[in-house]
Amino acid sequence: MTTVHRHLTVHGRVQGVGYRWSMVQAAERLGVQGWVRNRRNGTVEAMAWGDADAVEALVAWARQGPLDAHVERVDLAEAPSPEEAFEGFEARETL
């Protein structure tokens, strides 16, 4: 199993539509660890790590989002290994 770490910035109508909650649910189904939060600039930011196939499946989900979202694009970057240990995937407060 190959573990990967990804940083996502999601642009579009992605706040106020249940995007964070839906991403938490998707990540938990896939077994991906990390977090998601709204940014004051209107984007959603997420850090995801886990099995490469599972993380890529979450990235694919992020490009669609929940039903009421309108994702314009997802900026994706490799991320360093997390400094903090996580069990699961959590929604964080807006930054």
Report yes if the side chains of Glu45 and Val36 come closer than 4.5 Å at any heavy-atom pair, otherwise no. no
Distance-only donor-acceptor hits, side chain of residues 19-30, under 3.5 Å, sequence neighbours excluded:
| residue | atom | partner | partner atom | Å |
| --- | --- | --- | --- | --- |
| Tyr19 | OH | Ala62 | O | 2.7 |
| Arg20 | NH1 | Arg92 | O | 2.9 |
| Ser22 | OG | Gly18 | O | 2.9 |

Which distance, rounded to the nearest 0.5 Å, do you find between the CE of Met47 and the CD of Glu90? 12.5 Å
Provide the closest heavy-atom pair for Leu76 versus Leu8 in the form atom of the first, atom of the second, distance. CD1-CG, 3.9 Å
Nearest-0.5 Å distance that lies between atom CD in Gln33 and atom NE2 in His5: 9.0 Å
Under 3.5 Å, side chain of Arg13 to main-chain N/O of Asp68, donor-acceptor pair present? yes
Under a 3.5 Å threshold, yes or no: a donor from one side chain and an acceptor from the other, between His7 and Glu78? no
Only residue of Thr43, Val74, Val44 satisfying side chain to side chain contact (heavy atoms under 4.5 Å, CB included) with Thr9 is Thr43
So does Arg39 get a backbone contact from the side chain of Gln15, meaning a donor-acceptor N/O pair under 3.5 Å? yes
Tell me the closest heavy-atom pair linking Val55 and Trp49, and the distance in Å. CG2-C, 3.7 Å
I need the Asp53 CG to Leu58 CG distance, nearest 0.5 Å. 13.0 Å
Output, in order, the C-alpha distance, side-chain angles, deciding distance and verdict of side chain to side chain contact (heavy atoms under 4.5 Å, CB included) for Thr3 and Asp51. CA-CA 5 Å; Thr3 300; Asp51 175 70; over 6 Å; no
For Pro66 versus Val17, what's the shortest heavy-atom pair and its separation? CG-O, 3.7 Å
